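Worksheet for the structure shown next.
Predicted, not measured: the structure shown is a model, and the values here were computed from it. We count residues from 1, following the sequence as given. Computed over heavy atoms, backbone and side chain alike; hydrogens, waters and symmetry mates excluded. In each ligand, atom 1 is the first atom listed, and ligand 1 is the first ligand listed.
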Amino acid sequence: MNEAGVSDPERIWEADVLTLFPSMFPGPLGISLAGRALEEGTWRLRAVDIRGFASDKHRSVDDTPAGGGPGMVMRADVVAAAVDAVHRPESAKPLIYLSPRGKPLTQKRVRELAAGPGVTLLCGRFEGVDQRVIEARSMEEVSLGDFVLSGGEPAAMALIDACVRLLPGVMGSGLSGEDESFESGLLEYPHYTRPSVFEGREIPAVLTSGDHAKVNAWRRERAEELTRTRRPDLWEKFLTESPKGGRHTD
Ligand code: SAH
């Protein structure tokens with residue numbers, strides 16, 4: 001039993017990050033919710049320096065792209081050596097390469113990852129990683145969104161952060177995850193707190209009425225309206241797929 005009261009050491013969620021910049025970690029993950037959980041041993045983080053697996057005397061990890069063109073490409077042999085040192089293929093942990101060409105990360109995938117033993121994450125730099133090692137190690141490619149970062153590290157941090165906050169005991173209230181954006185297929189309703197008047201703007205009266213049924217109905221309407229106007233893609237999916245889906249009039 002460790003300090004966090006976690007009796008089964010197998011249940012500690014583990015993130016192994018392969019990176020050329022291990023000093024970036026834990027970075028933001030060492031602060032607030034994730035940082036406290038890290039200190040308490042709810043999860044473990046290992047940042048592994050890919051450069052340590054370079055075999056030539058210059059410790060080179062990258063080379064010019066075959067076929068020409070700008071930039072550099074991370075070498076397959078060096079990346080494979082790093083992966084093989086930390087990742088057991090028989091482990092249930094997914095091996096993920098953060099990549100703009102990957103499948104966009106969703107809250108559903110985050111939930112699955114958080115429910116498992118952990119993740120091994122490969123962070124690319126330069127133009128990315130030699131395609132052969134992605135295929136040879138059957139990596140899952142995951143994207144943070146349709147934009148290009150200079151490296152996979154911020155994406156790895158975002159993925160880990162999203163998982164860690166779902167681990168048992170990390171979020172203050174066990175319920176606070178359920179209403180959130182994407183969990184029900186909708187974006188979350190807007191929030192308000194003191195002061196009751198801010199620059200002439202009042203808190204919507206229903207929220208201070210004390211009528212919980214009305215509050216819930218108002219929140220649901222706002223959530224639906226926000227989703228419909230901001231994310232027509234999510235709204236369509238919600239209408240067709242959600243078991244509780246459909247408009248109020250259904
Ligand atoms: N030339 C590549 C981009 C390389 S960016 C392309 O056009 O597809 C360098 C590294 O940053 C990538 O190897 C990847 O690990 C990371 N990266 C960049 N954008 C990302 C995104 N949207 N999601 C996840 N990782 C990303």
Side-chain angles (χ1 to χ4, degrees), residues 13-30 34 43 45-55 59-87 89 93-114 116 118-166 181-182 187 230-231 233-234:
W13 197 82
E14 293 179 324
D16 289 326
V17 183
L18 299 161
T19 168
L20 288 172
F21 299 99
S23 63
M24 283 188 175
F25 292 87
L29 297 170
W43 69 290
L45 174 68
R46 188 157 54 134
V48 176
D49 190 354
I50 296 171
R51 199 171 291 278
F53 297 88
S55 52
R59 314 226 101 200
S60 55
V61 293
D62 58 325
D63 213 324
T64 52
M72 299 294 271
V73 177
M74 287 171 74
R75 289 172 53 137
D77 54 349
V78 179
V79 170
V83 167
D84 294 345
V86 301
H87 186 77
K93 276 188 217 163
L95 171 59
I96 293 175
Y97 169 44
L98 282 318
S99 157
R101 294 187 315 218
K103 201 170 168 193
L105 187 62
T106 60
Q107 188 64 14
K108 181 166 174 273
R109 186 71 184 121
V110 165
R111 278 218 173 269
E112 289 166 4
L113 294 173
V119 284
T120 304
L121 303 176
L122 170 63
C123 303
R125 280 271 153 182
F126 321 118
E127 292 306 317
V129 175
D130 187 310
Q131 182 64 23
R132 292 169 296 176
V133 69
I134 300 174
E135 291 168 12
R137 294 298 178 272
S138 308
M139 295 182 198
E140 173 184 344
E141 291 187 64
V142 171
S143 169
L144 218 59
D146 292 343
F147 47 84
V148 181
L149 298 164
S150 56
E153 290 80 5
M157 286 175 193
L159 185 152
I160 293 171
D161 180 86
C163 291
V164 165
R165 64 193 287 284
L166 296 181
S181 294
F182 313 113
L187 300 177
R230 292 190 184 176
R231 293 290 304 271
D233 57 323
L234 284 182

Element-labelled atoms of ligand 1 that are located less than 4.0 Å from some non-hydrogen atom of Y97: 12 (C), 13 (O), 15 (O)

Protein contact of atom 22 (N) of ligand 1 - nearest heavy atom, named by residue and atom, plus distance: F147 O, 2.8 Å

Minimum heavy-atom distance F182-L187, with the two atoms named: CE2-CD2, 3.9 Å

Those atoms of ligand 1 less than 4.0 Å from some heavy atom in E127: 1 (N), 2 (C), 4 (C)

Any G102 heavy atom less than 4.0 Å to ligand 1: no

Taking every non-hydrogen atom, the tightest pair across L98 and G152: CG-O, 4.0 Å

Atom indices of ligand 1 within 4.0 angstrom of A155 heavy atoms, with elements: 24 (C), 25 (N)

Protein contact of atom 24 (C) of ligand 1 - nearest heavy atom, named by residue and atom, plus distance: S99 N, 3.4 Å

Other residues, nucleotides, ligands: >12 heavy atoms within 6.0 Å of D146 CG: no

P70 to P65 - nearest heavy-atom pair and separation: O-CG, 3.7 Å

F126 contact mode with ligand 1 (heavy-atom cut-off under 4.0 Å): backbone

Short N or O distance, C123 and ligand 1, threshold 3.5 Å exclusive: no

Polar atom proximity, L122 to ligand 1 (N or O, under 3.5 Å): no

Pick from S143, P65, G69, G151: the one approaching atom 11 (O) of ligand 1 most closely through a non-hydrogen atom: G151

Atoms in ligand 1 flagged as close to G145, the criterion being non-hydrogen separation under 4.0 Å: 22 (N)

Which atom of F25 lies closest to which atom of L29, heavy atoms considered: CD2-CD1, 4.4 Å

Identity and distance of the protein heavy atom lying nearest atom 20 (C) of ligand 1: P100 CD, 3.6 Å

G128: numbered ligand 1 atoms lying under 4.0 Å from its heavy atoms: 13 (O)

Top protein contact for atom 5 (S) of ligand 1, by heavy-atom distance: L149 O, 3.2 Å

Any I160 side-chain heavy atom under 4.5 Å of V17 side chain: yes

Atom 7 (O) of ligand 1 protein-contacted, heavy-atom criterion under 4.0 angstrom: no

Protein contact of atom 23 (N) of ligand 1 - nearest heavy atom, named by residue and atom, plus distance: L144 N, 3.0 Å

Residue pair E135, R132: steps toward the salt bridge (charged side-chain N to carboxylate O under 4.0 Å, His left out) verdict: CA-CA 5 Å; E135 291 168 12; R132 292 169 296 176; over 6 Å; no

Per atom 16 (C) of ligand 1, closest listed option by heavy atom (G71, G152, S150): G152

Test of proximity, V129 against ligand 1: N or O pairs below 3.5 Å: no

Heteroatom distance test (V148, ligand 1): nitrogen or oxygen, under 3.5 angstrom: no

Polar side-chain atom of W13 near backbone of L113 as donor-acceptor pair, under 3.5 Å: yes

Contact check: L98 vs ligand 1, nitrogen or oxygen atoms, below 3.5 angstrom: yes

Backbone N/O of D62 and side chain of S60: donor-acceptor pair under 3.5 Å: no

Tell me which donor-acceptor pairs under 3.5 Å the side chains of residues 119-128 have, and how far apart each pair is, sequence neighbours excluded?
from	atom 1	to	atom 2	distance (Å)
T120	OG1	H87	ND1	2.8
R125	NE	E153	OE1	3.0
R125	NH2	E153	OE1	2.9

Atom of V110, atom of A162 and distance for their closest heavy-atom approach: CG1-O, 3.4 Å

Residues forming a side-chain contact (heavy atoms from CB on, under 4.5 Å) with R59, sequence neighbours excluded: R51, A54

